[in-house]
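Structure first, commentary second.
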There are 2 protein chains.
Amino acid sequence: MNKTRYPIEPIGFVRSALTRLEAAPMQGDEGAPEAWLELTPEAAPGLTGLQAGDELLILTWLHLAGRDVLQVHPRGDLYRPLTGVFATRSPDRPNPVGLHRVSVLEVVEQKLRVAPLEAIDGTPIVDIKPVLDGNDPSER
Amino acid sequence: MNKTRYPIEPIGFVRSALTRLEAAPMQGDEGAPEAWLELTPEAAPGLTGLQAGDELLILTWLHLAGRDVLQVHPRGDLYRPLTGVFATRSPDRPNPVGLHRVSVLEVVEQKLRVAPLEAIDGTPIVDIKPVLDGNDPSER
């Protein structure tokens, strides 16, 4: 068995008015607010070319998630059968990477103002990718 | 500066006829083949509930990518201006997580047969997530 691990080094952190897990809506389209993505000085040159109006995918590290969870009741509903986490969007999963689609509202030096983002303040940012096609925002 | 690192532990590996980086098309819709996702025994219970026909997002660790790259010429075209990697889908980036949209063709114990997938044989798998809405496959 290959037991190699790969270290994620955050490229920045979410700055948000959301400070508690319970206050975070479950999906971005369920009322999530805007937030700032504050990049580290090292990663900031990677923002070159981004501008207001761009559609992005933000990958975060859900640092409060449980990494030993493999099955859940979807959306915490005990009436729904236990389901593998890979068939759900549960934050609890072996590698708790969050995936959020946002619009860029403003770019200021090494920060992006974006919405909607359901991540709490201090969430580490793993990566930022452009949506490839405005009409079909799939993740190829 | 917060220098915490988060270790990715692969939940499995890609098994594919693609064995060389140059043979891999640049995006899944540019002729990528099918592949097997072979989960580790530890992560396999997370597949419960997945079935043929499901649409998934596969997050991979692009283990051959350059992590110190922050700006590139998009698609390797030297006539295009240097652009921040977060404005491109370059595999070279600080945390080289690949994002691939696939359809499930077959589920066999701890393996999924999927297509299209442009990752080479042996690529570590970080996470598997369902597409939330068949009509609008956005990444909220």
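What you see is a predicted model, and the numbers here were worked out from it, not measured in a lab. In the text below, chain A, chain B and the rest are named by the order of the sequence lines, each starting its count at 1.
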Are A/L56 and A/V14 connected, step by step, through hydrophobic side chains (Ile, Leu, Val, Met, Phe, Trp, Tyr) whose heavy atoms are closer than 4.5 Å?
-> yes
Verdict with reasoning, A/L39 to B/F86, per side chain to side chain contact (heavy atoms under 4.5 Å, CB included) = CA-CA 11 Å; A/L39 269 70; B/F86 305 133; 3.6 Å; yes
Can you find a heavy atom in the side chain of B/V85 that is under 4.5 Å from one in the side chain of A/K129?
-> no
Donor-acceptor pair, side chain of B/R89 and main chain of A/P130, under 3.5 angstrom = yes
Transitive ILVMFWY side-chain link B/V131 to B/V97, under 4.5 Å | yes
Given that the side chain runs from C-beta out, which part of A/I58 has a heavy atom under 4.5 Å from chain B: side chain, backbone, both or neither?
-> neither
Before giving the answer on side chain to side chain contact (heavy atoms under 4.5 Å, CB included), spell out for B/N95 and A/V126 the whole-Å C-alpha distance, their side-chain angles and the decisive distance to 0.1 Å.
-> CA-CA 6 Å; B/N95 295 304; A/V126 172; 3.8 Å; yes
Given the rule in the side chain to side chain contact (heavy atoms under 4.5 Å, CB included) test, do A/L82 and B/T48 qualify, once you have shown the distances and angles that lead to the verdict?
-> CA-CA 8 Å; A/L82 270 178; B/T48 304; over 6 Å; no
Engaged part of B/P81 at the chain A interface, taking heavy atoms whose separation is under 4.5 Å = neither
Derivation of the side chain to side chain contact (heavy atoms under 4.5 Å, CB included) call for A/L99 and B/L57 | CA-CA 10 Å; A/L99 187 56; B/L57 300 170; 3.7 Å; yes
With chain A, the option among B/T83, B/I11, B/L47 that has the most non-hydrogen atom pairs under 4.5 Å is B/I11
On a heavy-atom basis, the closest approach of A/A87 and B/L50 is CB-CD2, 3.5 Å
Checking A/T88 against chain B: side chain, backbone, both or neither under 4.5 Å from a heavy atom?
-> backbone
Honestly, the part of A/L59 sitting under 4.5 Å from a heavy atom of chain B is side chain
Group every Ile, Leu, Val, Met, Phe, Trp and Tyr by side-chain heavy-atom contacts under 4.5 Å, then state whether B/I125 and B/V104 land in the same group.
-> yes
Please check if the side chain of B/Q71 supplies one atom and the backbone of A/P45 the other of a donor-acceptor pair under 3.5 Å.
-> yes
Using the rule that two of Ile, Leu, Val, Met, Phe, Trp, Tyr join whenever any of their side-chain heavy atoms come within less than 4.5 Å, decide whether A/V102 and A/V107 are in one cluster.
-> yes
Residue part contacting chain B, namely of A/P7, when any heavy atom lies under 4.5 Å = both
Do side-chain atoms of A/R5 reach the backbone of B/Y6 as a donor and acceptor pair under 3.5 angstrom?
-> no
Relative to chain B, which segment of A/P124 carries a heavy atom at a distance below 4.5 Å: side chain, backbone, both, or neither?
-> side chain
Taking B/R93 for the side chain and A/I128 for the main chain, is one N or O donor matched with an acceptor at less than 3.5 Å?
-> yes
